[in-house]
Amino acid sequence: MIKQAIIPLAGLGTRLLPLTSVFPKELLPINGKPGIEYILDECIDAGIKEVIFIISNKKKMIKTYFYNDNFYKKIIKKKKDKRIKEEYKKILKYKKMIKFVYQNQPLGTGDAVLKTKKFIKHNFFLMLLPDDLIIKRNCSKSMIKIHKKYNASVMASMNVKKNNVSRWGIYKLKTKINKNNYLISDVIEKPSIKKAPSNKAVIGRYILPREIFSKLLKQKPGKGGEIHITDAIQTLIQNDKKFIAHNFSGKYLDCGSMSGYIKSTLEIAKS
């Protein structure tokens with residue numbers, strides 16, 4: 001069973017500057033609720049019991065958000081406000097399941113994953129990228145079902161327009177399992193339209209095997225001097241590890257850019 005999730009949160013959030021020069025993007029409100037709470041709720045609903053946040057010293061405000069007990073206790077005593085009590089109860093529930101690790105150098109998602117190695121107890125774990133919100137259906141929950149059925153690693157997939165493939169990691173498909181699931185033979189990072197092997201893009205939900213840590217330890221930095229998770233996944237696929245691309249049925253929202261953040265707020269307010 002998949003009971004642990006990791007969430008990389010150490011990124012600088014440059015696409016949301018100047019807001020992120022003082023405030024972590026994951027705490028920015030989306031329809032009155034911090035983005036990170038949507039991700040945590042997805043985890044809880046999918047049966048996750050422990051979540052590991054990868055933060056940096058510059059983003060300690062995320063930890064403060066969950067550890068501000070004295071503030072809440074004082075204000076509850078003073079105000080006797082039912083809504084504040086409920087909010088504090090919710091934060092205490094989140095806090096019980098969260099651990100923190102630090103990634104103080106921006107050395108890529110692969111490096112962030114490596115920081116969690118000593119905490120991962122099971123053969124597989126879930127990773128969620130917080131810029132990608134998926135609403136209306138729980139993507140993690142449906143991926144865990146696929147993992148249980150096929151005992152394989154699973155990655156979220158979404159059909160994108162052919163002229164947009166160069167913005168995404170794109171799957172090279174090996175075999176169609178059924179309408180929404182495909183065995184993959186490769187992941188190509190931001191290919192040109194001509195070189196794209198499909199129009200199925202990688203979205204920020206992954207069920208990864210524990211073996212990925214040994215690959216990441218040996219992996220040389222790639223593009224931009226960073227350790228890329230995609231490179232480690234490619235190595236595992238080459239070693240005949242089974243990876244499934246899962247076309248999820250929820251609605252995808254990109255919260256990582258200013259226009260995407262505004263659109264996400266409007267979309268969630270509607271739903």
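All values below were derived from every heavy atom in this structure, side-chain atoms included, with hydrogens, water molecules and symmetry-related copies excluded.
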For the CG atom of L92 and the CE atom of M97, what is their distance to the nearest 0.5 Å? 13.5 Å

Quick one: does S21's side chain have a donor or acceptor within less than 3.5 Å of a partner on L17's backbone? no

Do N199 and K161 have side-chain heavy atoms sitting under 4.5 Å apart? no

Presence of salt bridge, D131 and K25, under 4.0 angstrom: yes

Presence of salt bridge, D69 and K74, under 4.0 angstrom: no

If hydrophobic residues (ILVMFWY) are linked whenever their side-chain heavy atoms come closer than 4.5 Å, directly or via other members, who joins L12 in its cluster? none

Quick check: do M155 and V187 have side-chain heavy atoms less than 4.5 Å from each other? yes

Which residues satisfy the salt bridge (charged side-chain N to carboxylate O under 4.0 Å, His left out) test with E189, sequence neighbours excluded? none

Please check if the number of heavy atoms outside K242 that lie under 6.0 Å from its NZ is greater than 12. yes

Is there a side-chain contact between C255 and D132 in this structure, where contact means two heavy atoms from C-beta onward sitting under 4.5 Å apart? no

Is D254 salt-bridged to R15, going by a charged N under 4.0 Å from an acidic O? yes

Donor-acceptor pairs are to be reported for all side-chain atoms of residues 173-180 against protein atoms at under 3.5 Å, with residues two or more places apart or in another chain.
{"from": "N178", "atom 1": "OD1", "to": "N180", "atom 2": "N", "distance (Å)": "3.2"}
{"from": "N178", "atom 1": "OD1", "to": "N181", "atom 2": "N", "distance (Å)": "3.1"}
{"from": "N178", "atom 1": "OD1", "to": "N181", "atom 2": "ND2", "distance (Å)": "2.9"}

Determine the interplanar angle of the F53 and F66 rings, folded into 0 to 90°, and report it as parallel if under 30°, tilted if 30 to 60°, perpendicular if over 60°. perpendicular

Measuring from atom CD1 of I30 to atom OG of S264, what distance do you get when rounded to the nearest 0.5 angstrom? 5.5 Å

List the atom pairs, donor and acceptor, that lie under 3.5 Å between side-chain atoms in residues 108-124 and the rest of the protein, sequence neighbours left out.
{"from": "D111", "atom 1": "OD2", "to": "Q103", "atom 2": "NE2", "distance (Å)": "3.0"}
{"from": "T116", "atom 1": "OG1", "to": "V113", "atom 2": "O", "distance (Å)": "2.7"}

Can you hop from Y261 to V22 via hydrophobic side chains spaced under 4.5 Å? yes

Ring pair (Phe, Tyr, Trp, His ring centres under 6.0 Å) test vs Y88 passes for just one of F71, Y94, Y67, Y72, namely Y72

Mark yes when over 12 heavy atoms from residues, nucleotides or ligands other than K95 sit less than 6.0 Å from its NZ; otherwise mark no. yes

Under a 4.5 Å cut-off applied to non-hydrogen side-chain atoms, are Q4 and I48 in contact? no

Nearest 0.5 angstrom please: S198 OG to K162 NZ, how far? 9.5 Å

Could you check whether any side-chain heavy atom of I268 comes within less than 4.5 Å of a side-chain heavy atom of K263, counting everything from C-beta outward? no

Does the distance from a Lys or Arg side-chain N to an Asp or Glu carboxylate O, for K3 and E50, drop under 4.0 Å? no

Please enumerate all residues that pass salt bridge (charged side-chain N to carboxylate O under 4.0 Å, His left out) together with K90, with sequence neighbours excluded. E37, E87

Are any non-hydrogen side-chain atoms of V51 and L128 less than 4.5 angstrom apart? no

Before accepting this row, confirm whether a basic side-chain N of the pair K141/D45 lies closer than 4.0 Å to the acidic partner's carboxylate O. yes

Does any non-hydrogen side-chain atom of I91 lie less than 4.5 Å from one of N68? no

Is the side chain of T20 donor-acceptor paired with the backbone N or O of F23 at a distance under 3.5 Å, no angle test? no

Within the structure provided, determine whether P197 and I188 are in side-chain contact (heavy-atom separation under 4.5 Å). yes

Separation of I233 CD1 from Q238 CD (nearest 0.5 Å): 12.0 Å

Value rounded to 0.5 Å, distance of OG in S140 from NE2 in H246: 9.5 Å

Salt bridge check: are E86 and R83 linked by an N-O gap of less than 4.0 Å? no

Contacts of Y182 that satisfy side chain to side chain donor-acceptor pair (under 3.5 Å) - sequence neighbours left out: none

Could you tell me whether D231 and K220 make a salt bridge, using a distance below 4.0 angstrom between a side-chain N and a carboxylate O? no

